[in-house]
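Structure first, then comments.
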Amino acid sequence: MSLSGLYRHLAAGLALTLTLALATAAAAADAPTKVRIGYQRSSTLITVLKTNGTLEKALEPLGVEVTWHEFTSGLPLLEAVNVGAIDFSADVADTVPVFAQAAGAKLVYVAEEAPSPSAQAILVPANSPITTVEQLKGKKVGVTKGAGSHYLLLVALAKAGLSIRDITPAYLTPADARAAFVSGNLDAWVAWDPFLASTQAQSGARVLADGTGLANYKRYYLTTEDFSKRGGKVLDVLFERLKATGEWVKANPSPAAEILAGLWGIDAPTVEKANARRSYKVGPVTRAGLAEQQKIADVFFAEGVLPKKVDASDAAIWAPATP
């Protein structure tokens, strides 16, 4: 190689090294130093992580701080993600991202919990004469709009030859719906665990129908487009911790129930019953695995609940480094 060629070779190598160094520095500067996590009362795995401090410990080597933000239900939680008020959403029912998509939210699926169809159900009071879904016609039914219970109600009514127009829906938060139900102001309530198990234990409410054969009831964890690009290492830690926590809860039902009982104000045996109906099996989201999301979107649109059609396959999916 000539002297001039050697100079050109060295200059090219130096330029490449400098480019890589600048890119690495830029990536480091853009990496998050905080992750704001939103959750609901029924966000079991996140609640356990918030309590035991293992997530903060796992993120400490990355220099990332964790802040926690509680929401009443899934829709306001994902609205907060969409506007950038939080970075990561704890599990929401499968229906909630569909509503968010319809509203134009740009969210990214991070993880899913495997189906738990019996963890949501239509309840009637212990002394109610109602014994079939068909008998809900003309009745007042409490439901949380956009929750998985909302979809269960729609498909259960459809199977019975009814629609939402055949009942009087009362769109309430879980807390308000429970109060209305136990005070006799609702003929039925579509609830999910732990509210479901707690109400059964305290009032003797009967299950009219659960999600078996009707609604799979998967739960999803989501993030923003921005955080999915900047927070890859943080999301990897979150995914690993959620997966491990789900395995721990299922392998240790009594200790897990004891932890949650004090936080939820529910006795441990009732919490254990609720947890037994949830899979807590955390895994990566796949395009094929979102198939029921399209069914949910189509049902809500047909019932006039969604303002427009939604293509569930348009949603972005983040993939963990180690599934």
Side-chain angles (χ1 to χ4, degrees), residues 39-49 51 73-74 90-96 111-126 133 141-144 146-156 159 173-175 177-178 181-182 188-221 242-283 289 292 296:
Y39 66 100
Q40 307 174 64
R41 191 182 183 201
S42 57
S43 301
T44 305
L45 303 187
I46 285 293
T47 298
V48 172
L49 283 174
T51 304
S73 60
D91 55 306
V92 294
D94 40 17
T95 56
V96 183
E112 68 174 32
E113 287 183 16
S116 303
S118 64
Q120 57 179 0
I122 303 173
L123 289 177
V124 293
V133 175
V141 181
V143 67
T144 301
S149 55
H150 193 178
Y151 176 64
L152 171 58
L153 177 61
L154 291 177
V155 293
K159 185 178 179 181
T173 65
R178 175 175 174 155
F181 180 76
V182 298
W189 173 34
V190 198
W192 65 91
D193 280 320
F195 310 105
L196 171 60
S198 176
T199 305
Q200 283 182 284
Q202 293 181 7
S203 73
R206 292 186 289 107
V207 170
L208 192 64
D210 66 20
T212 304
L214 294 170
N216 280 333
Y217 190 46
K218 292 169 73 173
R219 296 183 70 89
Y220 292 98
Y221 299 80
L242 286 168
K243 186 176 180 181
T245 303
E247 291 168 352
W248 181 84
V249 168
K250 296 305 284 186
N252 300 274
S254 294
E258 289 291 342
I259 290 173
L260 296 164
L263 298 170
W264 289 348
I266 303 173
D267 63 278
T270 299
V271 174
E272 193 166 340
K273 180 179 179 180
N275 285 348
R277 292 191 287 226
R278 288 276 295 273
S279 73
Y280 295 129
K281 185 178 181 181
V282 176
E292 192 176 22
I296 291 169

If you compare all heavy atoms of Val96 against all heavy atoms of Ala147, which two are closest, and at what distance to 0.1 Å? CG2-CA, 4.5 Å

Using 0.5 Å steps for rounding, measure from the OG1 atom of Thr51 to the CD1 atom of Ile259. 7.0 Å

Any idea which heavy atoms bring Phe181 and Val124 closest together, and the distance? CZ-C, 3.5 Å

About how many Å separate CD of Gln202 and OG1 of Thr270, when rounded to the nearest 0.5 Å? 7.0 Å

Over all heavy atoms of both residues, which pair between Leu152 and Asp210 is shortest? Give the atoms and the distance, please. CD1-O, 3.7 Å

If the condition is side chain to side chain donor-acceptor pair (under 3.5 Å), which residues does Asp193 pass it with, not counting sequence neighbours? Arg277

Under 4.0 Å between a Lys/Arg side-chain N and an Asp/Glu carboxylate O for Lys218 and Glu292? no

What pairs of residues pass the salt bridge (charged side-chain N to carboxylate O under 4.0 Å, His left out) test when at least one of them lies in residues 263-273, not counting sequence neighbours? none

Given 3.5 Å as the limit, does a donor-acceptor pair link the side chain of Ser149 with the main chain of Ala191, or not? no

Here the gap from Tyr217 atom OH to Asp94 atom CG, rounded to the nearest 0.5 Å, amounts to 8.0 Å

Which heavy atom in Asn275 sits nearest to a heavy atom in Lys250, and how many Å separate them? O-NZ, 3.2 Å

Could you go through Arg278 and Thr44, starting from their C-alpha distance and side-chain angles, then the distance that decides it, and tell me whether this counts as side-chain contact (heavy atoms from CB on, under 4.5 Å)? CA-CA 10 Å; Arg278 288 276 295 273; Thr44 305; 4.1 Å; yes

Just jot down the salt bridge (Lys or Arg N to Asp or Glu O under 4.0 Å) partners of Arg219, sequence neighbours excluded, or say none. Asp91

Kindly compute the distance separating CG (Asn252) from CD (Glu247), expressed to the nearest 0.5 Å. 11.0 Å

Which atom of Thr144 lies closest to which atom of Thr173, heavy atoms considered: OG1-C, 3.9 Å

Here the gap from Leu196 atom CG to Arg178 atom CZ, rounded to the nearest 0.5 Å, amounts to 10.5 Å

I'd like to know if the side chain of Ser116 reaches the main chain of Ser279, judged simply by a donor and an acceptor atom lying under 3.5 Å from each other, with no hydrogens or angles considered. yes

Check against side-chain contact (heavy atoms from CB on, under 4.5 Å), Lys159 and Leu214: CA-CA 9 Å; Lys159 185 178 179 181; Leu214 294 170; 3.7 Å; yes

Could you tell me whether a side-chain N or O of Ser198 sits under 3.5 Å from a main-chain N or O of Pro194, the two making a donor and an acceptor? no

Residue list, ring-ring contact (aromatic ring centres under 6.0 Å, His included) with Tyr221, at least two apart or on another chain: none

Spatial distance of atom CD1 (Ile296) from atom CG (Leu154) [nearest 0.5 Å]: 10.5 Å

Which residues share a side chain to side chain donor-acceptor pair (under 3.5 Å) with Tyr151, sequence neighbours left out: none

For Tyr39, ring-ring contact (aromatic ring centres under 6.0 Å, His included) partners two or more places apart: none

Side-chain contact, heavy-atom cut-off 4.5 Å: Gln40 with Pro174? no

Mind listing the closest non-hydrogen atom pair of Ala177 and Trp189 along with its distance? CB-NE1, 3.2 Å

Report yes or no: does Lys281 contribute a side-chain atom to a donor-acceptor pair with the main-chain N or O of Pro115 at less than 3.5 Å? no

Answer yes or no: is there a side-chain heavy-atom contact under 4.5 Å between Leu123 and Val207? yes

